[in-house]
Amino acid sequence: MYARARAVLPGGNSRTAVYNSPYPIYAAAGQGCRVVDLDGTSRLDFLGNSTTLVHGHAHPEIVAAISEAAARGTCFGLPTEAEVLFAEALCARSDAYERARFTSSGTEAVMMAVQAARAHTGRPKIAKCAGSYHGAYDSVAVNNDGSGSLISHSHTAGMPQAVLDNTIIIPFNDPEGATEVLRAHAGELACALIDPVPWRSGLVPATAEYIAALRAVCDETGVLLVSDEVGSFRAGFHGAIDAIGGVADLTVLGKVIGGGMPIGAVVGKAEVMAVFDPSEGKPKLPHSGSYNANPVSMSAGVASLRLLTEAEWKRIGGLGEQLRDTMRKTIADNGLDWEVNGVESLFRVVTGTVPDSSVNSARLGHLLFQELLLNGVLIGDSGLGCVSTPMGQQEVDTYAEAFDAAVGAVVEQARAQG
Ligand SMILES: Cc1ncc(COP(=O)(O)O)c(C=O)c1O
């Protein structure tokens with residue numbers, strides 16, 4: 001399949017994140033917490049499409065919601081009741097979510113939030129945290145590689161200098177450092193964009209002190225605080241920033257809220273969301289999209305939120321904690337300096353070194369990913385993983401055994417390579 005794919009797709013697929021050397025494995029089907037590849041090998045899916053599939057694959061209630069919606073028509077040049085129902089379900093999750101607006105991906109939702117902040121404040125620049133990933137939009141594809149560098153740079157070749165000049169970098173989890181940068185640029189900043197649990201910089205949550213300092217400097221300077229919870233929403237039942245003790249002006253959502261269908265949303269203060277309102281004349285921010293709020297995604301989203309009850313959210317969070325503990329034990333038993341981070345149902349293994357070997361951390365991460373595959377488990381090449389609602393104690397125990405075997409094999413290979 002890879003050979004065929006390469007003839008028509010650069011690198012053999014359409015997402016950098018799912019390319020894997022020497023070649024990606026191609027999925028054939030998924031059911032519950034298992035994914036089957038084209039060779040017929042079934043694995044436990046702890047990646048869940050980069051933490052999207054909180055209810056696993058093909059959950060019967062989500063499939064029914066999708067099928068029923070699709071049978072009535074997949075998209076219209078008219079709004080639908082489905083988008084009202086989904087907005088009501090989302091706004092019920094948090095008092096901070098006063099209004100909602102939908103797109104078809106997290107990337108578009110981040111773009112919409114940044115544009116809304118600009119339209120509301122009339123200011124051109126944005127600030128984002130060093131290292132954090134926020135999708136493919138130019139303005140945020142700056143310092144998104146996990147590193148702590150504060151000099152604006154991009155790994156997107158050909159990025160215009162003007163984009164770099166308009167995206168200011170603040171240090172993560174450094175209240176004084178971030179406050180200083182935000183104050184220095186305040187008059188020209190529309191928003192401070194943060195991910196409260198940024199996976200690419202290690203999946204370490206923001207501290208309450210950091211969030212409080214950002215909230216205070218934003219209030220002082222009129223900069224909007226935007227919380228990108230496309231990945232981290234599941235860190236709290238009412239969202240990630242709420243779990244840490246903060247309130248954002250706008251929150252960006254995606255992934256788990258869509259039940260596996262393409263989705264993005266911006267939720268937040270009615271006063272700010274009014275930039276989209278055309279009912280009193282031309283809005284400050286005209287915003288369209290042929291598939292925005294399509295009823296199939298909306299209906300899958302309603303089902304996904306309905307299934308993610310507080311009890312289920314807590315249960316998978318508990319399984320996540322168990323997983324992190326068992327992985328830390330395996331790492332300690334092997335005398336390694338690796339870290340396991342995360343909160344609730346999210347985890348990330350951050351590889352370090354192996355004694356008596358010079359194999360670097362990224363390569364060790366890749367070896368771990370491969371060894372886990374051979375032991376029947378899929379996580380991300382970056383070490384990112386999550387627990388989904390079809391999982392229980394048995395899957396956690398199977399994962400623990402696979403992780404133990406995989407780490408042993410990685411250490412052996414790393415030593416053999418010297
Ligand atoms: C924090 C964050 N923001 C935005 C995005 C982009 O979302 P999407 O992949 O749906 O465009 C992602 C995707 O991984 C993300 O993790």
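Residue numbers start at 1 and run along the sequence shown. Whatever order the structure lists them in is the order used to number ligands and atoms, beginning at 1. What's counted below: heavy atoms across the whole structure, side chains too, no hydrogens, waters or symmetry copies.
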Novice: Would you mind telling me which of L307, I316, V256 makes a side-chain contact (heavy atoms from CB on, under 4.5 Å) with H55?
Specialist: L307
Novice: Check for a donor-acceptor pair, side chain of S105 on one end and backbone N or O of G264 on the other, with a separation under 3.5 Å.
Specialist: no
Novice: Can you confirm if the aromatic rings of F347 and Y399 lie within a centre distance of less than 6.0 Å?
Specialist: yes
Novice: Using heavy atoms and a cut-off under 4.0 Å, could you grab the residues that are in contact with ligand 1, chain by chain, numbers ascending?
Specialist: S105, G106, T107, Y133, H134, G135, D195, W199, D228, V230, K255
Novice: For a salt bridge (charged side-chain N to carboxylate O under 4.0 Å, His left out) check, start with the C-alpha distance between D325 and K329, then their side-chain angles and the critical distance, and finish with the verdict.
Specialist: CA-CA 6 Å; D325 286 348; K329 186 173 176 311; over 6 Å; no
Novice: Strictly by modelled atom types, are S279 and D277 linked by a side-chain donor-acceptor pair under 3.5 Å?
Specialist: yes
Novice: So do the side chains of M273 and E98 get within less than 4.5 Å of each other, counting heavy atoms only?
Specialist: no
